[in-house]
Amino acid sequence: MLSLLQSVPDVLWSALLSSALTLAGVLVLNRSNTTRLRIQLEHDSGEKQKERTAALRRDVYLRAVEELTKANSKLGSLSQADLTKVNAGDIFQEFFASAAKLQLVAEPGTALLVNRLVADYAEMLLGLLKLLIPVQNARADIAIYDDLYNQAHAERTRVLAEMAKFNEAARNEPVIWGALQRSFDGFSKQANAHGTERSGAWDRFNIATRQFVVAVLGDLRQITAKQIPVLIEIRRDLGLTTDLAVFQEQMQAQAERMANRIEAVIHDLGGG
(Lines give C-alpha, C1' and ligand atoms only; values in the text may rest on other atoms or scores of the structure.)
Protein backbone atom coordinates (compact mmCIF):
# COMPACT_ATOMS: atom_id res chain seq x y z
CA MET A 1 0.00 0.00 0.00
CA LEU A 2 2.86 2.31 0.89
CA SER A 3 4.55 1.43 -2.39
CA LEU A 4 1.33 2.21 -4.25
CA LEU A 5 1.07 5.61 -2.60
CA GLN A 6 4.69 6.33 -3.36
CA SER A 7 4.10 5.56 -6.99
CA VAL A 8 1.56 8.37 -7.28
CA PRO A 9 3.19 11.28 -9.12
CA ASP A 10 3.82 14.50 -7.13
CA VAL A 11 1.82 16.44 -9.71
CA LEU A 12 -1.27 14.41 -8.85
CA TRP A 13 -0.73 15.00 -5.15
CA SER A 14 -0.43 18.69 -5.82
CA ALA A 15 -3.67 18.65 -7.81
CA LEU A 16 -5.47 16.75 -5.06
CA LEU A 17 -4.14 19.12 -2.40
CA SER A 18 -5.13 22.12 -4.47
CA SER A 19 -8.62 20.72 -4.99
CA ALA A 20 -8.97 19.98 -1.28
CA LEU A 21 -7.88 23.50 -0.35
CA THR A 22 -10.25 24.97 -2.93
CA LEU A 23 -13.13 22.88 -1.60
CA ALA A 24 -12.30 23.86 1.98
CA GLY A 25 -12.20 27.51 0.94
CA VAL A 26 -15.57 27.22 -0.77
CA LEU A 27 -17.07 25.56 2.32
CA VAL A 28 -15.64 28.25 4.60
CA LEU A 29 -16.85 30.99 2.26
CA ASN A 30 -20.33 29.47 1.99
CA ARG A 31 -20.53 29.15 5.76
CA SER A 32 -19.43 32.74 6.17
CA ASN A 33 -21.95 33.91 3.57
CA THR A 34 -24.68 31.90 5.26
CA THR A 35 -23.85 33.39 8.63
CA ARG A 36 -23.70 36.89 7.15
CA LEU A 37 -27.02 36.34 5.34
CA ARG A 38 -28.69 35.04 8.51
CA ILE A 39 -27.44 38.04 10.47
CA GLN A 40 -28.62 40.38 7.72
CA LEU A 41 -32.06 38.73 7.59
CA GLU A 42 -32.38 38.91 11.35
CA HIS A 43 -31.38 42.56 11.28
CA ASP A 44 -33.82 43.37 8.45
CA SER A 45 -36.57 41.48 10.26
CA GLY A 46 -35.86 43.39 13.44
CA GLU A 47 -35.84 46.72 11.61
CA LYS A 48 -39.14 45.92 9.85
CA GLN A 49 -40.65 44.89 13.17
CA LYS A 50 -39.50 48.18 14.68
CA GLU A 51 -40.99 50.06 11.72
CA ARG A 52 -44.32 48.23 12.05
CA THR A 53 -44.36 48.86 15.80
CA ALA A 54 -43.49 52.53 15.28
CA ALA A 55 -46.24 52.95 12.66
CA LEU A 56 -48.79 51.18 14.87
CA ARG A 57 -47.81 53.26 17.88
CA ARG A 58 -47.94 56.47 15.89
CA ASP A 59 -51.51 55.84 14.73
CA VAL A 60 -52.70 54.64 18.14
CA TYR A 61 -50.94 57.41 20.06
CA LEU A 62 -52.19 60.21 17.83
CA ARG A 63 -55.74 58.84 18.03
CA ALA A 64 -55.51 58.62 21.81
CA VAL A 65 -54.24 62.20 22.11
CA GLU A 66 -57.07 63.38 19.86
CA GLU A 67 -59.68 61.59 21.97
CA LEU A 68 -58.05 62.94 25.13
CA THR A 69 -58.56 66.47 23.86
CA LYS A 70 -62.17 65.70 22.93
CA ALA A 71 -62.82 64.17 26.35
CA ASN A 72 -61.96 67.44 28.07
CA SER A 73 -64.44 69.37 25.93
CA LYS A 74 -67.13 66.70 26.36
CA LEU A 75 -66.99 67.02 30.15
CA GLY A 76 -68.40 70.54 29.97
CA SER A 77 -71.14 69.53 27.55
CA LEU A 78 -72.51 66.82 29.86
CA SER A 79 -74.85 69.31 31.53
CA GLN A 80 -76.56 69.87 28.18
CA ALA A 81 -76.98 66.17 27.42
CA ASP A 82 -80.32 64.50 28.04
CA LEU A 83 -79.30 61.36 29.95
CA THR A 84 -82.74 59.85 29.38
CA LYS A 85 -81.80 59.58 25.71
CA VAL A 86 -77.99 59.44 25.82
CA ASN A 87 -75.78 57.15 27.90
CA ALA A 88 -73.05 59.21 29.55
CA GLY A 89 -70.64 56.30 29.15
CA ASP A 90 -71.16 56.31 25.38
CA ILE A 91 -69.96 59.91 25.23
CA PHE A 92 -66.51 58.80 26.41
CA GLN A 93 -66.50 55.40 24.71
CA GLU A 94 -64.03 56.47 22.01
CA PHE A 95 -61.64 57.89 24.61
CA PHE A 96 -61.66 54.75 26.76
CA ALA A 97 -61.31 52.53 23.66
CA SER A 98 -58.34 54.56 22.36
CA ALA A 99 -56.70 54.47 25.79
CA ALA A 100 -57.11 50.69 25.93
CA LYS A 101 -55.43 50.31 22.53
CA LEU A 102 -52.63 52.60 23.61
CA GLN A 103 -51.92 50.49 26.68
CA LEU A 104 -51.47 47.42 24.46
CA VAL A 105 -48.70 48.93 22.31
CA ALA A 106 -47.12 51.42 24.71
CA GLU A 107 -43.98 51.00 26.76
CA PRO A 108 -44.66 49.72 30.29
CA GLY A 109 -44.09 53.12 31.91
CA THR A 110 -46.38 54.87 29.45
CA ALA A 111 -49.05 52.18 29.78
CA LEU A 112 -49.02 52.58 33.56
CA LEU A 113 -49.46 56.37 33.34
CA VAL A 114 -52.31 55.98 30.83
CA ASN A 115 -53.98 53.41 33.05
CA ARG A 116 -53.86 55.83 35.98
CA LEU A 117 -55.20 58.65 33.83
CA VAL A 118 -58.12 56.51 32.63
CA ALA A 119 -58.90 55.61 36.25
CA ASP A 120 -58.85 59.32 37.15
CA TYR A 121 -61.25 60.11 34.30
CA ALA A 122 -63.59 57.30 35.31
CA GLU A 123 -63.60 58.46 38.93
CA MET A 124 -64.15 62.04 37.85
CA LEU A 125 -67.02 61.03 35.55
CA LEU A 126 -68.78 59.11 38.31
CA GLY A 127 -68.52 62.13 40.60
CA LEU A 128 -69.92 64.42 37.93
CA LEU A 129 -72.83 62.09 37.20
CA LYS A 130 -73.96 62.57 40.79
CA LEU A 131 -74.09 66.32 40.18
CA LEU A 132 -76.00 65.77 36.95
CA ILE A 133 -79.00 64.29 38.75
CA PRO A 134 -80.38 67.69 39.92
CA VAL A 135 -79.71 69.07 36.42
CA GLN A 136 -81.64 66.23 34.80
CA ASN A 137 -84.51 66.47 37.31
CA ALA A 138 -84.84 70.20 36.72
CA ARG A 139 -84.69 69.66 32.96
CA ALA A 140 -87.50 67.09 33.18
CA ASP A 141 -89.62 69.44 35.31
CA ILE A 142 -89.08 72.24 32.81
CA ALA A 143 -90.32 70.02 29.98
CA ILE A 144 -93.36 68.86 31.98
CA TYR A 145 -94.46 72.29 33.17
CA ASP A 146 -93.73 73.84 29.80
CA ASP A 147 -96.04 71.32 28.15
CA LEU A 148 -98.76 71.91 30.78
CA TYR A 149 -98.38 75.67 30.46
CA ASN A 150 -98.69 75.49 26.67
CA GLN A 151 -101.82 73.36 26.95
CA ALA A 152 -103.46 75.72 29.48
CA HIS A 153 -102.39 78.76 27.44
CA ALA A 154 -103.88 77.23 24.29
CA GLU A 155 -107.18 76.55 26.07
CA ARG A 156 -107.24 80.05 27.51
CA THR A 157 -106.64 81.49 24.04
CA ARG A 158 -109.44 79.34 22.64
CA VAL A 159 -111.92 80.48 25.36
CA LEU A 160 -110.87 84.08 24.85
CA ALA A 161 -111.66 83.72 21.14
CA GLU A 162 -115.11 82.33 22.03
CA MET A 163 -115.72 85.29 24.35
CA ALA A 164 -114.73 87.67 21.55
CA LYS A 165 -117.23 85.99 19.21
CA PHE A 166 -119.89 86.16 21.93
CA ASN A 167 -119.41 89.91 22.29
CA GLU A 168 -119.18 90.57 18.56
CA ALA A 169 -122.45 88.70 18.02
CA ALA A 170 -124.09 90.95 20.66
CA ARG A 171 -125.39 87.91 22.47
CA ASN A 172 -127.02 88.34 25.86
CA GLU A 173 -126.86 84.94 27.56
CA PRO A 174 -125.54 85.32 31.11
CA VAL A 175 -125.31 81.56 31.69
CA ILE A 176 -123.11 80.99 28.62
CA TRP A 177 -121.04 84.08 29.36
CA GLY A 178 -120.53 82.92 32.94
CA ALA A 179 -119.39 79.52 31.75
CA LEU A 180 -116.92 81.14 29.36
CA GLN A 181 -115.65 83.42 32.10
CA ARG A 182 -115.15 80.53 34.50
CA SER A 183 -113.30 78.56 31.84
CA PHE A 184 -111.10 81.54 31.07
CA ASP A 185 -110.33 82.11 34.74
CA GLY A 186 -109.64 78.41 35.31
CA PHE A 187 -107.25 78.05 32.37
CA SER A 188 -105.57 81.35 33.28
CA LYS A 189 -105.02 80.08 36.80
CA GLN A 190 -103.57 76.83 35.46
CA ALA A 191 -101.30 78.66 33.02
CA ASN A 192 -100.04 80.98 35.76
CA ALA A 193 -99.42 78.06 38.13
CA HIS A 194 -97.59 76.02 35.51
CA GLY A 195 -95.61 79.08 34.45
CA THR A 196 -94.54 79.65 38.05
CA GLU A 197 -93.51 76.00 38.42
CA ARG A 198 -91.61 76.20 35.15
CA SER A 199 -89.81 79.32 36.31
CA GLY A 200 -88.86 77.58 39.55
CA ALA A 201 -87.58 74.60 37.58
CA TRP A 202 -85.45 76.93 35.49
CA ASP A 203 -84.00 78.44 38.66
CA ARG A 204 -83.11 74.97 39.96
CA PHE A 205 -81.65 74.06 36.58
CA ASN A 206 -79.45 77.16 36.50
CA ILE A 207 -78.21 76.60 40.06
CA ALA A 208 -77.48 72.91 39.45
CA THR A 209 -75.77 73.70 36.15
CA ARG A 210 -73.58 76.32 37.80
CA GLN A 211 -72.58 73.83 40.49
CA PHE A 212 -71.79 71.25 37.82
CA VAL A 213 -69.68 73.70 35.80
CA VAL A 214 -67.73 74.66 38.93
CA ALA A 215 -67.04 70.98 39.62
CA VAL A 216 -65.97 70.36 36.00
CA LEU A 217 -63.58 73.30 36.06
CA GLY A 218 -62.08 72.07 39.32
CA ASP A 219 -61.63 68.57 37.90
CA LEU A 220 -60.07 69.93 34.71
CA ARG A 221 -57.60 71.90 36.78
CA GLN A 222 -56.44 68.65 38.39
CA ILE A 223 -56.63 66.37 35.37
CA THR A 224 -54.63 68.76 33.19
CA ALA A 225 -51.61 68.40 35.46
CA LYS A 226 -51.91 64.60 35.24
CA GLN A 227 -51.96 64.68 31.45
CA ILE A 228 -48.51 66.25 31.17
CA PRO A 229 -46.41 63.17 32.10
CA VAL A 230 -48.56 61.04 29.79
CA LEU A 231 -47.92 63.34 26.83
CA ILE A 232 -44.23 63.48 27.67
CA GLU A 233 -43.92 59.68 27.65
CA ILE A 234 -45.91 59.45 24.43
CA ARG A 235 -43.42 61.78 22.76
CA ARG A 236 -40.58 59.71 24.18
CA ASP A 237 -42.07 56.46 22.84
CA LEU A 238 -42.48 58.05 19.42
CA GLY A 239 -38.85 59.14 19.43
CA LEU A 240 -39.72 62.84 19.62
CA THR A 241 -37.15 63.53 22.31
CA THR A 242 -35.73 66.74 20.84
CA ASP A 243 -36.20 69.62 23.29
CA LEU A 244 -38.30 67.35 25.49
CA ALA A 245 -37.37 69.31 28.62
CA VAL A 246 -38.41 72.57 26.97
CA PHE A 247 -41.69 71.02 25.85
CA GLN A 248 -42.42 69.81 29.39
CA GLU A 249 -41.60 73.22 30.82
CA GLN A 250 -43.93 74.92 28.34
CA MET A 251 -46.76 72.51 29.11
CA GLN A 252 -46.38 73.05 32.85
CA ALA A 253 -46.39 76.82 32.38
CA GLN A 254 -49.52 76.57 30.21
CA ALA A 255 -51.18 74.32 32.79
CA GLU A 256 -50.46 76.86 35.53
CA ARG A 257 -51.95 79.68 33.43
CA MET A 258 -55.04 77.58 32.76
CA ALA A 259 -55.35 76.73 36.44
CA ASN A 260 -55.26 80.41 37.33
CA ARG A 261 -57.93 81.23 34.77
CA ILE A 262 -60.07 78.36 36.01
CA GLU A 263 -59.79 79.59 39.59
CA ALA A 264 -60.91 83.05 38.45
CA VAL A 265 -63.92 81.60 36.59
CA ILE A 266 -64.86 79.45 39.61
CA HIS A 267 -64.68 82.52 41.82
CA ASP A 268 -66.91 84.47 39.41
CA LEU A 269 -69.42 81.62 39.42
CA GLY A 270 -69.55 81.70 43.19
CA GLY A 271 -67.81 78.39 43.64
CA GLY A 272 -65.27 79.63 46.18
Side-chain angles (χ1 to χ4, degrees), residues 57 60-140 204-237 247-248 251-272:
R57 279 182 173 175
V60 173
Y61 281 20
L62 294 179
R63 178 65 175 176
V65 172
E66 178 183 355
E67 291 301 327
L68 178 62
T69 303
K70 291 181 180 179
N72 290 341
S73 62
K74 289 177 180 178
L75 284 173
S77 64
L78 274 177
S79 62
Q80 303 302 319
D82 187 354
L83 298 185
T84 61
K85 300 177 181 179
V86 179
N87 188 344
D90 293 341
I91 299 177
F92 296 91
Q93 183 177 4
E94 291 296 329
F95 166 67
F96 290 127
S98 298
K101 293 178 183 178
L102 189 149
Q103 293 179 67
L104 290 177
V105 300
E107 293 294 332
T110 306
L112 179 59
L113 290 175
V114 173
N115 184 51
R116 291 175 179 173
L117 185 62
V118 169
D120 290 335
Y121 264 99
E123 183 178 356
M124 180 175 58
L125 181 58
L126 290 175
L128 292 176
L129 288 177
K130 180 179 179 181
L131 294 177
L132 280 177
I133 295 177
V135 177
Q136 294 298 312
N137 290 339
R139 186 195 302 277
R204 296 195 305 275
F205 176 81
N206 292 331
I207 293 174
T209 301
R210 183 171 65 249
Q211 293 174 344
F212 176 82
V213 171
V214 169
V216 169
L217 291 175
D219 288 339
L220 285 177
R221 179 175 52 189
Q222 298 179 13
I223 206 71
T224 300
K226 297 178 180 179
Q227 292 174 0
I228 295 177
V230 174
L231 296 176
I232 293 297
E233 291 306 314
I234 286 177
R235 289 181 64 89
R236 196 187 308 278
D237 289 354
F247 176 75
Q248 183 174 2
M251 289 194 65
Q252 289 175 343
Q254 184 178 1
E256 291 178 0
R257 290 179 56 188
M258 184 179 297
N260 293 333
R261 293 300 303 169
I262 288 175
E263 287 181 0
V265 173
I266 291 176
H267 182 269
D268 293 339
L269 292 175

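Applying the side-chain contact (heavy atoms from CB on, under 4.5 Å) criterion to Glu107, with sequence neighbours excluded, gives Arg57, Thr110, Asp237. Listed by chain and number, the residues in a side-chain contact (heavy atoms from CB on, under 4.5 Å) with Lys101 are Val60 (sequence neighbours excluded).
Rounded to the nearest 0.5 Å, atoms CD1 (Ile228) and CG (Leu113) are 12.5 Å apart. One distance of note links CZ of Phe95 with CG of Leu125; it measures 10.5 Å at 0.5 Å rounding. Rounded to the nearest 0.5 angstrom, Arg235 CZ and Leu231 CG are separated by 9.0 Å. Put simply, CG on Leu131 and CG on Leu126 are 11.5 Å apart, with the number rounded to the nearest 0.5 Å. Rounding to the nearest 0.5 Å gives a distance of 10.5 Å between CD of Glu123 and CG of Leu128. Atom CZ of Phe205 is separated from atom CD of Gln136 by 8.0 Å, given to the nearest 0.5 angstrom.
Minimum interatomic distance between Tyr121 and Ala71 (heavy atoms only, all atoms of both residues): CE2-CB, 4.2 Å. Residues Ser98 and Arg63 come closest through the heavy atom pair OG-CG, 3.6 Å.
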Under the side-chain contact (heavy atoms from CB on, under 4.5 Å) rule, what do Val65 and Val230 come out as? Steps first, then yes or no, please. CA-CA 10 Å; Val65 172; Val230 174; over 6 Å; no

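Counting only heavy atoms from C-beta outward, the side chains of Asp120 and Asp219 never approach each other to under 4.5 Å.
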